[in-house]
There are 2 protein chains.
Amino acid sequence: MKNAIDDQTIRFFSSEDTDAELPAATVVGEKGRNLIQVAQLGAPVPPGLVLPSGLCALMSDSNGELPPSVQKNLLRSIARLEEHTGRRFGDDGAPLLLTLRSSPPQAMPGTLDAIVNLGLTEAGAAALAEALGDDRAAWDAYRRLIESYGVHVLGVEPAGFEELMTEALEEGSAEADHELSGGALEGLAKQFRSHCEQETGAPWPADPLEQLSRAIVAGYRAWEHPQALVYRFEEDLDSLPGTALVLQTMASGTARERSGAGSILSRVPSTGEKKPHGHFLATAMGSDLTAGIRMTDKVEALAETMPEAYRELLAWTDKLERHFRDAQEVRFAIDRERLWLLDSRPAPRTAKASLRIALELEAEGICDDRQALLLLDPTVIDAYQYPVLDKTDAPPALGKGLPASPGSAVGQVVFFAEHAAELAGQGIKTILIRHETTPEDIDGLKVAEGIVTSHGGLTSHAAVVARGMGKCCIVGAGGIHIDYLLNEMSLGDTCVKRLDWISIDGNTGEIYLGRLPQVPPVLEGGIAKVLAWADAHRTLGVYANADTAEDARHAIEQGAGGIGLCRTEHMFFEIDRIPVFRKMILALDEVGRSAALAELQPMQRKDFMDIFRVMDGRPVTIRLLDPPLNEFLPKGIRSQTRMSRLMGIPVETIQQRTESLTENNPMMGHRGCRLAITYPEIYNMQVRAIVEAACIVIKEGVSVTPEIMVPLVSTWRELKMLREQIEQLIAQVCEELGESVPFKIGTMIETPRAAMCSRAIARYADFYSFGTNDLTQMAYGFSRDDVGMFLPMYLEKEILDIDPFIRLDQEGTGQLVRIAAEEGRKVHPGLKLGICGEHGGDARSIKFFHELGLDYVSCSPFRIPGARLAAGQAAVQEQDR
Amino acid sequence: MKNAIDDQTIRFFSSEDTDAELPAATVVGEKGRNLIQVAQLGAPVPPGLVLPSGLCALMSDSNGELPPSVQKNLLRSIARLEEHTGRRFGDDGAPLLLTLRSSPPQAMPGTLDAIVNLGLTEAGAAALAEALGDDRAAWDAYRRLIESYGVHVLGVEPAGFEELMTEALEEGSAEADHELSGGALEGLAKQFRSHCEQETGAPWPADPLEQLSRAIVAGYRAWEHPQALVYRFEEDLDSLPGTALVLQTMASGTARERSGAGSILSRVPSTGEKKPHGHFLATAMGSDLTAGIRMTDKVEALAETMPEAYRELLAWTDKLERHFRDAQEVRFAIDRERLWLLDSRPAPRTAKASLRIALELEAEGICDDRQALLLLDPTVIDAYQYPVLDKTDAPPALGKGLPASPGSAVGQVVFFAEHAAELAGQGIKTILIRHETTPEDIDGLKVAEGIVTSHGGLTSHAAVVARGMGKCCIVGAGGIHIDYLLNEMSLGDTCVKRLDWISIDGNTGEIYLGRLPQVPPVLEGGIAKVLAWADAHRTLGVYANADTAEDARHAIEQGAGGIGLCRTEHMFFEIDRIPVFRKMILALDEVGRSAALAELQPMQRKDFMDIFRVMDGRPVTIRLLDPPLNEFLPKGIRSQTRMSRLMGIPVETIQQRTESLTENNPMMGHRGCRLAITYPEIYNMQVRAIVEAACIVIKEGVSVTPEIMVPLVSTWRELKMLREQIEQLIAQVCEELGESVPFKIGTMIETPRAAMCSRAIARYADFYSFGTNDLTQMAYGFSRDDVGMFLPMYLEKEILDIDPFIRLDQEGTGQLVRIAAEEGRKVHPGLKLGICGEHGGDARSIKFFHELGLDYVSCSPFRIPGARLAAGQAAVQEQDR
């Protein structure tokens, strides 16, 4: 009951007299909470009231009037304001003027714009003119009351007021409202009032208390505006109790002399440098400032014009920064040299500036490393990772695709991976352009500066490989038409030939003709410092997706704690292996397959030995063969003929086998553990290679616990059968080699069914790795290779906020992850949980994974620093809750 | 607490003296419950005890001994048995002999086989021989005790006993044990005992009470056998409290004279005719009967040999049938003309027999229609629906595929749909053989007698179309190699040419060379009667998937309550429409597309008018365009050239457009509502056609409420946008035509994400139709077109019990349906829920849908009677709970 009473209590605040208690934003709103804090510090805030969110629900049936209990409370609170200011509300003399604003618990649409100068009567305006000796300011206040009240409470269209203002400006030959005379403004105010009466068919509500009551009801009712309802539904905010309102003494800079409104930032937003920054507009209110009607002055100019007020402003800005432990933007008004602070909020800043601000605030002792960590823009790392194009003198972009891997690249166009490889030998920088890339293009991909594809989505082969290599890549650039025969492409009206220069921007997806200059990334020591903070606080492990010993070394340099995904299939694409692997596929029976696999086994064993040696002591998670066999066979008659010659196999055999392996929807076809159920010998070879490799390096003194991962499980029976098979083989190999190898056997959770049936699967798994790429594909029914056909339109029409392959969809796919994690841990509390999809490198997704209690995320080595930062931030945010 | 006490109480039963209370099967097990019921009727059951499941948990730490409290209880209960029978347990004279068996709450593995003749000591056996004047029977009893106790309690391998028995038979020149002399059996018993002592290294537990205690502990512990644990886990039975045990007075027919064991059925299992049926084995126990060592007699022979006992048996069989309200199989023993009933259970029967039995039991007043309904095998309808092959003189099958649509077909082979159509004109019956079929083959599919494909799964195009037409179909017959050029196929070593005769069995998937005779289905009036029962009880609607007025008429004949799925795309494949639809696809811009759509619109309107008129007053659910546009374009250069000629469009244009629409995974590509987001004009045309059609028929007096269904939604924003668009258009068309059309707008739930986000989607839907085909595909990540690559192996290795496209997977996919249904109804209580996947025709799946509270299922017209029956059964089963 205490809460219920508290939540309906009207709060009073002023620089001299504010309760020490700080209510929650759900009770007094964000703005209310901010003002109460600023007032508690003793800063010169105009005194005011916060009408709490608890009253919001009472308004729906109020018929435009305040419920009597609220009215009584309100009168008592206003009396306190009157006592404090020495003025009376609604007085015809020098009245107490109030402004009413919404104070929702967080920024959202459907809130009330400010209603200003409540309490001002026509007689009051005249008296005010006299008292101030400034009839312009007085009548301006009155016309602003009528306009804001008319629009927001009476529902009059704003256009009518604007027309009358335009007429008045013409009549007065003025360019802006502050140039109008007092008389002109008085006339305008009266026209505004008649306009309201005409539009509503009712007399102007002259009684100030009635005005105020109706304004308050309107303020609360804005909460139920259809647009607001939709927004809260969309953002899942239905449970919020309502909006609060702030009713505050007017502090306006509209007087003709020594008055104005402005805002000041404690650090420069573009660089983060500690230096006052901001602007000021004389004879104005804050709203004029944001409306951008007139040119503003730099705030530093106040040092000359109003040094006292400016000194005071700087002192308070500094104090507020220390109080809120963050760079602040303070909005203020000066009323005839008297400074009023209107609010104080975190200052805007670029990603780069966020780094300097965080480092300096921490160094200055204004905040500790935990708080500083939260001040960092998670993308700050990316900004320091890749060279960017200098577009100062750039021509317009030729075309655009999806930005698949960040950075930039400048090079000469080639259309075949082989060409890129050839030219690389001659030291020529190339950009490889293809419809799509395949694993066979790998040698070209490795050497090209950048990659552009006309098809494919953000998780297509080209995109995944490029991100893995930290290489700039644009995919799904539908405007490109490639003519492979002529070795050229058209992009709009432009024809680009082989060896023409182009420049590509992996951050925007833009493609430029010619050689644009590249600005190299400047790595700052500060990055290392903030990453050390993040590492000290984070509880989430950050592993790398790495397929080779070289990848593994790079991953460790970037700070990886282990390998979360080692894809064994990439090993089969090496030039000396693919023919043997193809022999396996073309074999007619198990005997033939086993013979080919026996040839591959020592090669794969060597790969694992190399990786284990590099990772010494760190976890290595190895995924057994995943893609459909068809992916390993050449497409097109030319490649098939070449393969036929090389292998001495009739081309018809190759074609027949390729055809028999062709699937309508290979993503949902014969792949992953399904291959192992039909061809057990493949996984047997791989497991043998892993365990033999482990035995050998253990004898060398290397510490290794292979984590063997079974992909694409959809039922526990698959995992049970394969686990038994793998365990038997491990025991056998260990016995043969007289060594004992610790190991874990786990599975990918990448089909929705596996997630739903986690309780059963967890009994047979030592760990789960969520394959959120495939999980996203199957949850949405979006083929990541084809999503380019409609995804751009989905983003344009705002059906999706962001590509769900980039940021995990928490509402749907994320719920599958949550269910699988929770249910799995219920039956198997020690279950190790990680993710190895592309989402492992996305800051917002990482926060979600941290909250779910996963043990680690795994991402491309290049994304590891960003992931460490995000994991640190997530941990601190959680501690703060 | 009452329950806790009850659940540990040992129950006594006999024909004279049994508590009236009937405990649950979870307490006394299925067997215990059955025996208590039979005893309550006063039937001659050997008196006995039920040791309840509540004691099971007490045994785990008991160290092979009974806890003292249980021991005390047991002694008291045995005393009651002793009093009742006048014999003493463990007496060396004429002892009370007991048999111990598991009585689990339902049939499951890991239960204890019977331990017989407990209480028999060596001295007792000798005394028994004297008392019976039958030393053979006495020593046989003793050796059976040792053997069963040795195997099940002491863990001695059965092989040792079998060897000793073989030796004894050889020595005694006997063929079976009943031919051995008393002396030989005495020797054998003693050998058995020594064998046990040798194997266990411990003396034979001669104390009968110790024997009994250890047997009981072993019986309870069988519950924890690994195999039992696995089974209960797999079947989700972990919550069962344990097994009960039955300890019953021995009633054995092993005496040499006027004794034996048998079983009798009240109705003939193959026909359902009311007539005693069964068999009898002289000088035997029940277990000898099932072991099948010796030839049995027909049970009717007892009328001659033991008329009194037989008369009594018939009378009791009749009484038991009336009591259990179902045909019974009664197992019995006769001990020197005294009849003992061992148990009574539902008699086995064929699907056809189940119909006759249900009809006659109801007619005889033995059960009511509700009970009779539950006695029907749900597949009984299928058995009456299609002609079957008479395989009496059939050659071995040539090959086998997946049985995709039931029934049978005999016809001449063709390899092209066009040939089937041509030959049909000449009255020639054909069977169409293809790799796979496409919508373009529709004319051939319509006229062929049957369809065979070498590729594709149970939900491939051929399979779905064939089931829709009620036509026999076999798919995925991988052994077939078609040579389209030579117009022949090879199947194993056989070459089958065009116009050769073959016969196919859609129930087994078998393909035969030649013309096998077909047995026409005999439709019985009984079917109509049981369907009327089902309709009277069912609460689940049964709708049809129907795309044409003709389908709709057929659906109504079969008893459909509405159309749950009208696929609009099939309408575009009609010969006069496909060119126009292709023009739409090839159009470069919206103007071109709209022009083509305007041509199609009156045709589609006509289709809807015809359907609405047929369905007058019944719901019609229309799915807007679903498949990817690429499906409508011809594949292969020949078809493309023909299209080019027909449409006057360069073949290159056709190829280019086809290529640009080609997707890697079309099932998860640009289809369903995604088409409507990118090409709004398509759905606009369809909605206009629907609403105009409705306006026109409403003017004629037809009653219609179109239910417009948006396919493949994965986020509520798609549905919101399309709903607004559709609503606007409906309002506009209604205004134009001056008519008002009631309508519903709903969506398919067929992506896992849609199911998970049901709370948000339900706000914009008047109804959901679960597309469980696609939902299964995406939940498992199984492409239904490709699943044939590994599904057979999955079934063979028992990773799957059944193709999940045939029967809904309740653990995974079904949970998505459940979540979507529950969450959707939470925010939208009136939400209409149905399913329109293939599962709508499967009895077990229908039961699940009924339990989830769906409003209807929709299936092919041919499956409607079966669905009605299953829905009726589900409703009655639920009422019974």
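Naming convention: chains lettered A, B, ... in sequence-line order (proteins, then strands); numbering from 1 in each chain.
Residue B/E659 places its CD atom among 12 or fewer non-hydrogen atoms of other residues, nucleotides or ligands, all under 6.0 Å distant.
In this structure, the separation between CE on A/M778 and CE on B/M778 is 10.0 Å, given to the nearest 0.5 Å. Between the NE2 atom of B/H455 and the CD atom of A/E663 there is a distance of 10.5 Å, given to the nearest 0.5 Å. Atom CD of B/E811 sits about 7.5 Å away from atom OG1 of A/T715, to the nearest 0.5 Å. The OG atom of A/S714 sits 7.0 Å away from the CG atom of B/L800 when rounded to the nearest 0.5 Å. Rounding to the nearest 0.5 Å gives a distance of 13.5 Å between CG of B/N665 and CZ of A/F782.
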- Show your working on side chain to side chain contact (heavy atoms under 4.5 Å, CB included) between A/Y780 and B/T751 and close with a plain yes or no. CA-CA 6 Å; A/Y780 276 96; B/T751 69; 6.0 Å; no
- Task: Dump the intermediate steps for side chain to side chain contact (heavy atoms under 4.5 Å, CB included) on A/K720 and B/I799, then the final yes or no.
- Result: CA-CA 10 Å; A/K720 184 189 176 202; B/I799 291 173; over 6 Å; no
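Contacts between A/S454 and chain B at a heavy-atom distance below 4.5 Å are absent for every atom of the residue. Looking at A/D809, the atoms closer than 4.5 Å to chain B (heavy atoms on both sides) all sit in the side chain, from C-beta outward. The contact between A/T678 and chain B is made by backbone and side chain atoms together, counting heavy-atom distances below 4.5 Å. Looking at A/V230, the atoms closer than 4.5 Å to chain B (heavy atoms on both sides) all sit in the side chain, from C-beta outward. Looking at B/S660, the atoms closer than 4.5 Å to chain A (heavy atoms on both sides) all sit in the backbone: N, CA, C or O. For chain B, the nearby parts of A/L816 are the backbone and the side chain; heavy atoms of each come within less than 4.5 Å. For A/Q777, the parts lying under 4.5 angstrom from a heavy atom of chain B are both the backbone and the side chain.
Annotation: maximal heavy-atom pairing with chain A below 4.5 Å, among B/M721, B/E436, B/R671, occurs at B/M721. Ranked by non-hydrogen atom pairs under 4.5 Å with chain A, the options B/R763, B/R717, B/R674 are led by B/R674.
Checking side-chain atoms of A/D786 against main-chain N and O of B/N664 turns up a donor-acceptor pair under 3.5 Å.
Scanning all heavy atoms of the two residues, the minimum distance from A/C757 to B/G812 falls at SG-CA, 3.7 Å. The shortest non-hydrogen separation linking A/C673 to B/Y794 is SG-OH, 4.2 Å. The heavy-atom pair separating A/I677 from B/M793 by the smallest distance is O-CG, 4.0 Å.
A heavy-atom distance below 4.5 Å is not found between the side chains of A/H670 and B/V787.
B/M789 pairs in a side-chain contact (heavy atoms from CB on, under 4.5 Å) with only one of the listed residues (A/L675, A/L661, A/L629), which is A/L661.
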